[in-house]
Structures are given as structure tokens and as C-alpha cells.
Amino acid sequence: MANVANNSIAATYGGAQLNEIFYEPVFRSDDIMRNYRVIPNVKHKMNVYTSAALTKIVEPYAGCSASSQDPVIQFNIDDKVITAGRCRVALEQCTDEFFGTYIEEMYRNGADVMNVEGTQLSDAIVNRAVTGIASDVVRLAWGGDGATANYDAFDGWMKLMGADATVLAAQIQQTGAASTATVTAGHAIGLIRKCYDEAPAALQQVPAGDKKMFVTPKVFNAYLANLEGSSSDLALVNKVDGLQRVMFRGVELVPVYEWDTILAALNPAIFVDQSAAATGNTENGVCYCAVENLIIGSDVTDPEGSFKVFYDDLEEKMFFRGYFKLGVQFLYPSLVQWGVVTT
């Protein structure tokens with residue numbers, strides 16, 4: 001028996017179209033407002049003054065005298081400069097990129113058809129741009145290098161600390177790894193303990209809640225292996241304000257996922273083995289530091305929110321523009337301790 005409805009459809013069936021765009025997760029390691037000291041209103045350069053400690057000034061009383069202590073004990077007042085790089089995000093989108101696809105169904109009608117503002121395509125662009133800025137701020141803060149493309153907005157902490165002879169000379173090495181890319185649970189806990197135990201006295205005196213251990217992802221994951229099945233008060237995974245935080249002797253460990261990206265592109269001096277048996281560039285390490293020792297200077301308090309989106313009828317494009325100034329600095333070599341995993 002013949003069908004009453006005959007198939008004369010010319011269109012190719014490509015399956016149902018889901019009216020949603022899924023976003024690939026973009027992870028940023030930390031919150032700049034929580035893990036660093038942020039100084040606002042830095043237009044380009046700002047001088048930061050530091051005062052060294054004054055000690056050994058108490059002496060025995062030896063009778064009435066108008067003379068001051070001899071020899072005179074002094075302390076230095078130094079300055080460091082935060083140079084904020086002029087940063088820009090410049091993106092654009094033309095509607096004809098998706099002509100002939102299902103995305104075109106999301107476009108506006110009539111005279112506004114070329115304006116993608118308010119569409120799912122526009123939402124996707126803004127979402128990707130904002131999360132990208134957040135990740136880039138952390139990447140540049142640590143890995144900024146004025147001599148390397150994509151890192152040349154300003155010099156980051158790795159380069160600044162690598163140029164400091166005191167910080168570089170104090171680098172700690174955890175030896176015994178099969179390769180610089182290999183980190184076991186023993187290497188991780190060994191390196192973290194060394195950095196904690198051999199840190200400068202000034203850093204050891206900072207309250208645990210005011211310090212962080214910034215680590216590469218492999219060190220972080222290997223350290224977690226030491227905590228499995230453990231209930232030690234010295235190393236607990238706590239939930240604070242609903243967020244899981246991993247601690248070592250009360251100091252929070254912060255995995256910096258951008259470090260892997262930085263180390264794949266650059267060769268920071270602070271990650272070069274400084275021991276007598278130097279093995280060259282390493283891939284995993286720890287930066288044990290006081291939070292107030294790491295400074296971010298900017299003309300805005302939220303770089304990822306400093307943007308505008310607009311459509312230009314003449315060019316028939318939607319534009320995304322973000323402008324902010326950003327730079328970093330560290331204050332005292334005595335408040336930071338670096339360690340690396342070596343063979």
C-alpha cells in the first residue's frame with residue numbers, strides 16, 4: 001500500500017540543533033584580591049619605600065652620658081618601583097563569520113541584523129574574554145618578561161626575584177627525582193618541608209594565615225597523596241567559606257596552573273637549579289611567601305571587569321575593548337623562599 005505523504009524534502013537532515021553554546025572551562029589559579037597586596041591608582045610608575053629592621057640597639061647603662069650609641073646602629077630606607085604596563089584587550093566580531101550556519105538563527109532581524117549584541121554569540125565572546133583576562137593577569141603577574149612576546153606587558157615576579165641575588169642564592173633543591181618533570185609524594189612533602197624549615201627567620205615569624213605556598217600543579221597533586229587517609233593537624237584539607245583549602249602546618253597551598261604555561265614558554269632564572277650540581281631548568285617548584293610581600297599595582301581594582309562592548313554601524317562589527325594598567329613588585333627578599341625539584 002502506498003504512503004499518503006510522499007517525501008519530497010530537499011534539505012539534508014543534520015540532527016537537532018541545541019540552542020545553547022557550551023564553554024570550555026578556563027581555570028585561573030587564585031584570586032588576586034585574596035592572595036596578594038593590591039595597590040590601586042597606579043597610573044604608570046609608583047615608588048614603594050621599605051624600611052629594614054633595626055636591631056641590637058639595647059646596651060647596658062654605663063653612667064650619665066650625652067653621647068649616642070657607639071658604634072651607631074643604622075637601618076636602611078630603600079625604594080622599589082612598580083612599573084605598570086599599559087594593557088589592552090582588542091577583539092572584534094563580524095556577523096558574516098557564521099552565515100549559513102545555525103548560529104545565524106540567533107541573529108537579530110532587519111536593520112539590526114549585523115549587530116550581534118545581546119545574542120548568544122555576543123555572550124560567548126564576553127564570557128571567553130572575561131575569563132581569558134582573569135587567567136592572563138595571573139600568568140603575566142608571575143611570568144611577565146619584557147623581552148618575550150605575549151609576556152612583554154611588564155616584568156613579573158619570577159623575573160624580578162630571579163634578578164635578586166639574595167633570593168636566587170637562597171633557592172632550595174629537592175633532589176632525587178627521576179627527571180625534573182617527575183614529582184612523587186615524597187619529593188613534594190620533602191620540598192615543602194625544606195622550604196618551610198629553611199625559610200628566612202623573618203618569614204618564619206609571619207603568622208601562618210598571612211603566608212601562602214604557591215606551587216606547580218604536579219607538586220600540589222603529589223602533596224595530596226600524602227594527605228590521603230591522614231588526619232594530622234599539621235596537614236589538613238579544610239573547607240573555609242565553602243571552599244576547599246589545602247594546608248601545610250597552617251599555611252595554605254595554592255596551585256598556580258599558569259606556571260605550567262609559563263615554564264613551557266620561558267626559562268625563568270628562579271627555576272634554574274642553583275646548586276653546585278646544577279641540572280639546568282626545572283619544571284616544578286614552590287614559592288613560600290608572605291602575602292603582603294607580593295604587590296600588584298593597577299589603575300583599576302578589577303582588570304577583568306574593565307571593558308566595554310559596542311557595535312559600529314559603519315564597520316558592521318561588534319567590538320570588545322578593555323584597557324587597564326598592571327604591574328607587580330616584591331618588597332623583601334627575607335619574606336620569600338623558593339624551592340625546586342631536581343634530579
Side-chain angles (χ1 to χ4, degrees), residues 14-15 17-33 38 40-44 83-156 257-258 260-262 264-266 296-328:
Q17 305 289 339
L18 182 63
N19 189 24
E20 183 177 354
I21 297 175
F22 292 96
Y23 302 136
E24 179 184 359
V26 176
F27 299 102
R28 59 172 175 169
S29 299
D30 46 14
D31 183 354
I32 65 172
M33 301 301 290
V38 179
N41 301 319
V42 179
K43 299 298 183 181
H44 180 45
T83 302
R86 302 174 182 89
C87 302
R88 174 178 183 249
V89 180
L91 309 173
E92 64 180 47
Q93 182 64 48
C94 182
T95 54
D96 65 7
E97 176 67 25
F98 292 97
F99 281 174
T101 72
Y102 183 71
I103 299 295
E104 188 176 358
E105 299 291 335
M106 305 175 186
Y107 287 177
R108 296 183 177 191
N109 302 318
D112 289 328
V113 68
M114 307 304 288
N115 184 359
V116 297
E117 286 184 296
T119 66
Q120 282 197 16
L121 178 57
S122 171
D123 293 343
I125 292 171
V126 172
N127 177 283
R128 300 293 81 189
V130 170
T131 53
I133 293 171
S135 177
D136 276 354
V137 165
V138 178
R139 178 178 61 85
L140 292 171
W142 284 103
D145 185 335
T148 305
N150 297 323
Y151 288 85
D152 51 358
F154 54 88
D155 287 343
Y257 297 99
E258 289 81 3
D260 282 350
T261 304
I262 294 167
L266 304 175
I296 292 180
S298 178
D299 63 337
V300 297
T301 56
D302 183 19
E304 62 195 87
S306 181
F307 68 88
K308 53 187 177 181
V309 178
F310 58 94
Y311 172 73
D312 187 289
D313 282 306
L314 184 62
E315 296 201 36
E316 297 181 339
K317 292 180 181 179
M318 186 195 84
F319 294 90
F320 181 104
R321 291 291 184 268
Y323 301 94
F324 55 89
K325 295 174 183 177
L326 190 69
V328 300

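All residue numbers in this chain count up from 1 along the given sequence. Just so you know, these numbers come straight off a predicted model, no measurement behind them.
- Here the straight-line distance linking atom SG of C87 with atom CG of D136 works out to 9.5 Å at 0.5 Å rounding.
- What you find for A141 and V328 is that their closest heavy atoms are O-CG2, 3.6 Å.
- In this structure, the separation between CG on N150 and OG1 on T261 is 11.5 Å, given to the nearest 0.5 Å.
- Atom SG of residue C94 and atom CZ of residue F99 lie 7.0 Å apart, to the nearest 0.5 angstrom.
- Contacts of F310 classified as ring-ring contact (aromatic ring centres under 6.0 Å, His included), with partners at least two apart in sequence or in another chain: F319.
- Using a 4.5 Å heavy-atom cutoff, the side chains of F98 and L121 are in contact.
- Of all non-hydrogen atoms in G143 and Y151, the two that sit nearest each other are O-CD2, 3.5 Å.
- To the nearest 0.5 Å, the span separating CE on M318 from CD on Q93 amounts to 7.0 Å.
- Put simply, the side chain of R321 gets close to the backbone of L91: a donor and an acceptor are under 3.5 Å apart.
- Residue pairs meeting the salt bridge (Lys or Arg N to Asp or Glu O under 4.0 Å) criterion with at least one partner in residues 110-121, sequence neighbours excluded, do not occur; the list is empty.
- Summarising the geometry of V116 relative to Y107, their closest heavy-atom pair is CG1-CE2, 4.0 Å, with the distance given to 0.1 Å.
- Y257 contributes atom OH, which lies 12.5 Å from atom OG of S135 (distance to the nearest 0.5 angstrom).
- The salt bridge (Lys or Arg N to Asp or Glu O under 4.0 Å) search around D299 returns none, not counting sequence neighbours.
- A pairwise comparison of heavy atoms in L326 and S298 identifies CD1-CB, 4.0 Å as the closest pair.
- Residue I103 holds its CD1 atom at 12.5 Å from OG1 of T95, rounded to the nearest 0.5 Å.
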Next item on the list: Could you give me the CA-CA distance, side-chain angles and deciding distance for S122 and I125, then say whether side-chain contact (heavy atoms from CB on, under 4.5 Å) is met?
Entry: CA-CA 5 Å; S122 171; I125 292 171; 5.6 Å; no

Next item on the list: Could you please spell out the steps behind the side-chain contact (heavy atoms from CB on, under 4.5 Å) verdict for E316 and Y311?
Entry: CA-CA 7 Å; E316 297 181 339; Y311 172 73; 4.0 Å; yes

